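One is the number of the first residue; the rest follow in order along the sequence. Note that the coordinates shown come from a computational prediction; the quantities given were computed from them, not determined experimentally.
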Amino acid sequence: MADGYMGKILRVDLTSSSIKVEETDKEIAKKYIGGKGYATYLLYQYLKEYEKKGISPKDINPLGAENVLIFATGPGTGVVGFPSPGRYHVMALRSPLTNAIGSANSGGKWGPCLKFAGFDAVVVEGASDKPVYLEIVDGKAELKDASQIWGRTTFDTCRILKEKVGGKRTSVACIGPAGENLVLMACIINDEHRAAGRTGLGAVMGAKKLKAIVVSGAKNVEVAKPEEYQEVSKKCLEKIKNNPVTGEGLPTYGTAILVNIINNAGALPFKNWQSGYNPEADKISGETLTKDYLIRKGACWGCTIACGRVTKVAGGAYQVLYSEGPEYESIWALGNTTGVMDMGAVIKANHFCDELGMDPISLGSTIACAMELKEKGYISEEELQGIDLKFGNSAALVEMVWKTAYKAGFGKYLALGSKRLAEIFGAEGLSMSVKSLEMPAYDPRGAKGIGLTYATANRGGCHVTGYTISPEILGIPEKIDPLTTEGKATWVKVFQDFTCVVNSTVNCLFTTFALGAQDYAELLSTVTGWNFTEEELLKIGERIYNLERVIINKFGFDGKDDILPKRLLEEPMPEGAAKGQVVELDKMKEEYYKLRGWVNGKPTEEKLKELGIEL
């Protein structure tokens, strides 16, 4: 179809082993675009059906057959010349880590390959009683026995299934041992080193006994207005090339270029957020990664930015002769917040996360939480079974990665995430999480807007819901004072709405350093043939964000859950550029709710009617 869509959605019921194909509903696509938006709409339909059957949303088990998992692309995925078009979005009705909505995003080439195979999305219901994988090749889908690859790592699984199917336009998304063992921070890995990382969706696949989805196809994605599209594409790619972040910083140093930048701003969480400044941060910076460990740059399908890092640790205890990453967030989580300043150990730990299938943000943060619990006397030596779990211990960090994946020894506690870990050992306040999702690498005492983003993010502590670090620290699209609360509610709302558009298109958020809503309106208008304005796109983003909020409201989340850890609200930053700062959340949140049309974290009927959301 010449509109950016393939026109088909695959529905798979693992309980009955049935597969059916339905048409992509273009009216829904006009309201929700694709990707995250379309998936959110579908999840809400399931929720309404459950309620009609008398099933309370609060009774839906994230690891039960009733949970629904959706892999979705958008009209920008797999389109030649579309800025960074190599991504897909995954959503689940409930996250096993947070009990809120499950949501994750990944690059590589799996998303484009799903469309080349002929589908816009895959909806997975039910649960199998034995390990299976789903094979989608040139418009045909089949469930196959996965008993021979159950227990294998993600690297093995990707290799085996790619060789089995063959072809260059083939990609595998799968789980590793962590997902099979229902580790709550397990992720979905595609193309060996790309992860749909957050909210534990690998555990959802594990509970469903779904080992992998392999996709392959020869179709191309066509656009509605080819000549106009070429002009818009050329203009947007030129903007990306000439932007200092997307054209220079990210291609040269990768995402880890942020380590020194955020540290100098006093917002790089150190030793489980006890500080926001680390005098030794350069040891694990993007500059150090490039100088001592980089083999070459890497890129997702069709991306001109090429922020990916292909790396190696040449020798020593943490030798890895080929790996990809680590990204900024992984370096921070496995390095800075655990106090580990050995880049080789961080690369090895990140490599294991990819191989075993775990979210390094949640895992590193949980290990850091355990380190502080140990430091403060909450965890005994007997519990650790000989592991010296202290800040800065590289060997303990690497050891705990595989122990978590297999729930071995103390790993059985780490596998639960930092919120449950801290509760078990009597110090809930040491979990640096929101809605049980570990926050990423920006201390909001040094950038107040990102604190409001964390608190109000529907999936939990999340920076990519609304990346206000862009204006607060990087000065894009304009520089604003990171240490004030003034105006931050407006920035957060706009960024959250726009991000929903990007995640529904589906392509890379890094494009937003160079492109704005008007650019996306022009791109989507020429791809789909529909005439979008900037205002209409942002209204779609607002619709998606509000519908997602309606869903988590039904799970029991409201204003009481839009909070931050007390450390950030009550303990002044001890050093660095943000010394003396705390987050004045209540003031920002009150203004934010007014802008959103929410009361106590819930959209009003008037707001939902305005957005065309039917309850």
Side-chain angles (χ1 to χ4, degrees), residues 193 240-271 275-300 303-316 318-351 353-354 360-361 364 392 394 397 440-443 446-447 463 467 469-470 472-476 482 508-510 513-514 575-578:
H193 292 280
I240 289 172
K241 179 181 177 181
N242 294 328
N243 181 275
V245 176
T246 54
E248 183 178 349
L250 287 172
T252 304
Y253 295 110
T255 58
I257 191 176
L258 287 171
V259 171
N260 283 329
I261 293 172
I262 303 301
N263 191 52
N264 290 336
L268 188 69
F270 186 43
K271 293 186 176 179
S275 175
Y277 177 75
N278 176 8
E280 296 186 300
D282 187 58
K283 291 181 178 180
I284 52 171
S285 68
E287 291 84 345
T288 298
L289 184 69
T290 299
K291 174 176 173 288
D292 297 332
Y293 301 93
L294 185 68
I295 298 174
R296 64 177 184 273
K297 295 190 295 184
C300 297
C303 182
T304 60
I305 298 173
C307 70
R309 307 289 96 176
V310 178
T311 54
K312 71 174 180 179
V313 181
Y318 308 115
Q319 185 183 59
V320 184
L321 296 183
Y322 178 94
S323 191
E324 292 187 26
E327 304 291 340
Y328 166 68
E329 301 292 343
S330 304
I331 288 175
W332 163 76
L334 299 169
N336 207 69
T337 200
T338 65
V340 172
M341 295 297 104
D342 183 338
M343 182 67 95
V346 172
I347 292 173
K348 185 74 169 185
N350 182 72
H351 187 81
C353 282
D354 288 348
I361 297 178
S394 301
L397 167 72
Y442 311 90
D443 192 315
H463 64 302
Y467 193 67
I469 293 299
S470 188
E472 290 187 289
I473 305 295
L474 303 178
I476 298 173
C508 182
L509 290 178
F510 291 165
F513 289 126
E575 57 189 328

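- Here the side chains of Phe270 and Asp443 are not in contact, with every heavy-atom distance at 4.5 Å or above.
- Rounded to the nearest 0.5 angstrom, Ser285 OG and Asn263 CG are separated by 10.0 Å.
- Looking at Lys297, its side chain never comes within 3.5 Å of a backbone N or O of Thr252 through a donor-acceptor pair.
- Ile257 CD1 to Glu248 CD: the interatomic distance, rounded to the nearest 0.5 Å, is 7.5 Å.
- Judged purely by atom type and a 3.5 angstrom limit, Asn336 has no side-chain atom pairing as donor or acceptor with the backbone of Ile331.
- Distance check: Leu397 CG to Lys348 NZ gives 12.5 Å after rounding to the nearest 0.5 Å.
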Pair Thr255-Phe510, side-chain contact (heavy atoms from CB on, under 4.5 Å): steps then yes or no: CA-CA 10 Å; Thr255 58; Phe510 291 165; 3.4 Å; yes
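- No side-chain heavy atom of Val313 sits less than 4.5 Å from a side-chain heavy atom of His351.
- When all heavy atoms of Ala578 and Gly446 are compared, the pair lying nearest together is CB-CA, 3.6 Å.
- Between Ile284 and Val340, every side-chain heavy-atom pair lies at or beyond the 4.5 Å cut-off.
- The closest donor-acceptor contact from the side chain of Thr246 to the backbone of Ile305 lies at 3.5 Å or more, if one exists at all.
- Shown here for Ala333 and Pro360, the closest heavy-atom pair between the two residues is CB-O, 3.3 Å.
- Side chains of Tyr277 and Leu268 form no contact here, defined as non-hydrogen atoms less than 4.5 Å apart.
- In this structure, Ile473 and Pro482 have side chains that are in contact, with non-hydrogen atoms separated by less than 4.5 Å.
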Steps toward side-chain contact (heavy atoms from CB on, under 4.5 Å) verdict (Ile261, Leu474): CA-CA 9 Å; Ile261 293 172; Leu474 303 178; 4.2 Å; yes
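- Expressed to the nearest 0.5 Å, how far CD1 of Ile476 lies from OH of Tyr467 amounts to 9.5 Å.
- A donor-acceptor distance shorter than 3.5 angstrom exists from the side chain of Asn243 to the backbone of Phe513, with no hydrogens or angles considered.
- Here CG of Leu334 is found 11.0 Å from CE of Met343. Values are rounded to the nearest 0.5 Å.
- Under the salt bridge (Lys or Arg N to Asp or Glu O under 4.0 Å) criterion, Glu329 pairs with no residue at all, not counting sequence neighbours.
- Side chains of Leu258 and Trp332 form no contact here, defined as non-hydrogen atoms less than 4.5 Å apart.
- Here the side chain of Thr290 pairs a donor or acceptor atom with the backbone of Gly286 at under 3.5 angstrom.
- Val346 and Pro326 make their closest contact through CG1-CG, 4.2 Å (heavy atoms, listed as atom of the first residue, atom of the second, distance).
- In this structure, the side chain of Glu324 does not engage the main chain of Arg309 through any donor-acceptor pair within 3.5 Å.
- Between the side chain of Thr338 and the backbone N or O of Gly335 there is at least one donor-acceptor pair closer than 3.5 Å.
- Panel note: side chain Ser323, backbone Thr311; no donor-acceptor pair is recorded below 3.5 Å.
- Atom OH of Tyr328 sits in a crowded spot, with more than 12 heavy atoms from other residues, nucleotides or ligands closer than 6.0 Å.
- Atom CD of Gln319 is separated from atom NZ of Lys312 by 9.5 Å, given to the nearest 0.5 angstrom.
- Between Leu294 and Leu289 the shortest side-chain heavy-atom distance does not fall below 4.5 Å.
- Proximity of a side-chain donor or acceptor of Asn264 to a complementary backbone N or O of Asn260 within less than 3.5 Å is detected.
- A heavy-atom distance below 4.5 Å is found between the side chains of Asp342 and Tyr318.
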